[in-house]
Amino acid sequence: MPEILSPASPSKSRATQIGLVLAGLGVVLLAIGVYLGLFVSPPDAHMGNVVRILYVHVPTAVSTLGTFTVAFVAALGFLWRPSWKFDGVLEASLEVGVLLALMTCAQGSIWARPTWGVWWDWDPRLTTTAVMLFSFGGVLALRYFVDDPVRRAMWSAVATIVAYADVPVVHFSVRWWSSLHQKQLTGTSLPGPLKTPLMLTFPGMLLLVSGFVVLRAKLAMRRRATELAPPPAAEPNPVAPTPEAVEGGR
Amino acid sequence: MGTFTGRIVGDWAFVWGAYGFSVVVLAFYALSLFFRGRAEARASAVAEEAHRLEQEAAAATAQAMTDRTDRSDRTDRTDRSDPATPAESASATPAKAEDA
Amino acid sequence: MTDPIPARSFGSAKKSRWFAVGALVVAGGAFALIASGRIGNNLVYYWGPTQMEKAGQKAIGATIRLGGQVVPGSIHQDPSGRSLTFEVTDRHATVEVHSSGIPPQMFRAGIGVVVEGTMTKSGVFESNRLMVSHGSQYRPPKAGQTVDVQDQMKTTTGLAGEKIR
């Protein structure tokens with residue numbers, strides 16, 4: 001009996017293994033990139049050491065948009081061909097995406113204070129990012145408030161697709177409108193020594209985030225399995241004949 | 001023309017702030033995934049074990065009923081006057097059935 | 001653990017596909033509306049000196065933001081250090097700004113700024129919030145670097161070029 005309380009299967013599932021490998025690779029790349037970014041690469045001529053925030057802020061911001069894109073695709077996939085797999089990926093990418101959006105805003109805010117002189121301003125990039133954070137946060141909250149798994153999956157898929165309208169706007173905001181936020185990096189934005197850390201932290205963050213999404217999706221699938229399993233006591237085993245059936249058959 | 005050099009100094013605090021915040025958030029999320037996964041594994045293991053026990057009990061009951069059915073087919077109808085109530089017979093174990 | 005998720009009806013697949021189409025139409029419509037500029041034109045974050053000049057009397061009194069480049073040589077700091085005046089340009093028009101408070105460390109001649117405040121009748125923009133904008137160009141410091149105005153200008157092309165359109 002005590003072994004019931006230990007994790008059921010000592011061998012991890014395939015999805016869990018993939019998730020752990022992705023996250024592990026991501027952590028390794030991030031560690032090297034952050035080391036180079038903090039201690040090896042030179043400061044910016046004017047921004048000084050604050051420029052180092054770029055090596056974590058840009059990968060986080062791009063991962064945020066990428067994760068919400070995964071959520072969008074999973075939502076479309078679910079509505080087109082309903083399956084719990086799509087719902088699991090949707091749940092995972094919504095949660096990880098909201099976390100990343102929060103991180104992006106915090107990092108950006110910390111970077112803005114010394115450079116712009118303010119923690120926050122309602123510039124188009126910042127405003128559209130805040131809208132993105134709150135709309136996907138709302139979708140995530142919706143999932144917690146709906147008890148019926150089927151309705152929860154349907155509604156959150158629809159809400160995700162609608163909320164996604166803002167994601168390309170966040171991307172284009174710095175091109176369409178004049179803003180305080182700088183534009184996207186281009187090939188000439190960062191000279192060699194300033195570029196190297198980003199070449200490591202960028203794929204590192206993407207790998208770590210995909211690992212998180214895979215692991216979280218696996219957790220969602222497990223939860224759905226227990227959530228949808230019929231309570232053992234309430235439903236008799238259909239294979240075993242009930243006394244009534246035996247009596248009646250006589 | 002003022003004395004504005006346009007260069008940021010005393011900036012490491014912001015760098016540590018941004019990196020520290022990011023590391024803490026990511027580490028907490030990794031931990032939360034681990035603990036939630038473990039809790040879920042336990043919950044489903046308990047549910048699975050309960051389900052298995054239930055199935056075993058049901059199978060045993062079914063076995064008892066089958067034995068009883070076999071016997072009643074063989075024996076005389078006067079057996080029906082046996083005072084055993086249906087509730088008792090439903091909970092009969094195979095050993096009991098053989099006793100009769 | 002490895003149990004498959006118990007089957008549960010999702011209802012008709014046709015219905016959920018209509019949900020997908022409906023949601024896509026709503027999202028696409030919202031995106032198109034913003035992208036086409038119908039909403040975007042109302043979301044002006046700051047005015048350039050040219051727009052400020054065109055607006056004339058209408059600009060006076062309301063809280064607005066003005067963006068542009070700090071004209072080299074125009075910066076004058078109050079002896080008390082509590083306020084400063086400088087000129088903001090978009091290469092077509094120039095507006096004089098009086099700003100209170102200590103500017104961010106990045107503030108310098110030639111850099112992009114966004115100031116929030118009101119236009120006064122005297123034609124001086126009175127600002128209480130000064131923000132410095134940085135372009136997406138980064139450079140390591142040169143050995144024994146001195147403050148080179150030409151070099152600084154490069155970092156602000158993003159903001160200055162933007163506003164003229």
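Everything numeric here is computed off the predicted structure, so don't read it as measured data. No hydrogens, no waters, no symmetry mates; every other heavy atom, side chains included, goes into these values. Sequence lines set the chain letters: A, B, ... in the order given, protein chains first and strands last, and positions in each chain run from 1.
Of the two parts of A/W155, neither the backbone nor the side chain holds a non-hydrogen atom closer than 4.5 Å to a non-hydrogen atom of chain C. Both the backbone and the side chain of A/V162 come within contact range of chain C, each with at least one heavy atom under 4.5 Å from a heavy atom of that chain. Interface remark: A/P114 contributes backbone atoms only to the contact with chain C (heavy atom separation under 4.5 Å). At a 4.5 Å heavy-atom cutoff, the contact between A/V118 and chain C is made by side-chain atoms alone. Using a 4.5 Å cut-off between heavy atoms, A/D121 contacts chain C through both its backbone and its side chain. Contacts between C/I102 and chain A at a heavy-atom distance below 4.5 Å are absent for every atom of the residue. Proximity to chain C is limited to the backbone of A/Q184, based on heavy atoms less than 4.5 angstrom apart. When heavy atoms are compared at a cutoff of 4.5 Å, A/M154 approaches chain C solely by way of its side chain, counted from C-beta outward. For A/T188, the parts sitting under 4.5 Å from any heavy atom of chain C are the backbone and the side chain alike.
At a threshold of 4.0 Å, the pair A/E227-A/R222 does not count as salt-bridged, since none of the basic side-chain nitrogens sits closer than that to a carboxylate oxygen. Between A/E91 and A/R224 there is a salt bridge, with a side-chain nitrogen of the basic residue lying less than 4.0 Å from a carboxylate oxygen of the acidic one. Under a 4.0 Å N-O distance rule, the pair A/R143/A/D87 qualifies as a salt bridge.
Ranking C/G22, C/A20, C/G29 against chain A, the residue ahead of the rest is C/A20, based on heavy-atom pairs under 4.5 Å. Among the candidates A/W80, A/Y164, A/F72, the residue making the largest number of heavy-atom pairs closer than 4.5 Å to chain C is A/W80. Options A/S189, A/A165, A/P191 differ in how many heavy-atom pairs under 4.5 Å they form with chain C, and the most are formed by A/S189. Between chain C and the options A/S41, A/G117, A/P42, A/P43, heavy-atom pairs under 4.5 Å are most frequent for A/P43. Across C/S16, C/P103, C/G28, the residue that shares the most heavy-atom pairs under 4.5 angstrom with chain A is C/S16. Each of C/V26, C/L24, C/V25 has some count of heavy-atom pairs under 4.5 Å with chain A, and the biggest count is that of C/L24.
Outside the 6.0 Å centre-distance limit, the rings of A/F86 and A/F78 are not counted as a close aromatic pair. When ring centroids are compared, C/F86 and C/F107 come within the 6.0 Å threshold.
In this structure, a donor-acceptor pair under 3.5 Å is absent between the side chains of C/Y45 and A/T127. No side-chain donor-acceptor contact under 3.5 Å links A/R125 and A/S179. Counted by atom type alone, C/D90 and C/T50 present one or more donor-acceptor pairs between their side chains at under 3.5 Å. For the residue pair A/Q182/C/Y138, the side-chain donor-acceptor check at 3.5 Å is satisfied.
Between A/W122 and A/W120, the ring-plane angle classifies as perpendicular under the 30° and 60° cut-offs.
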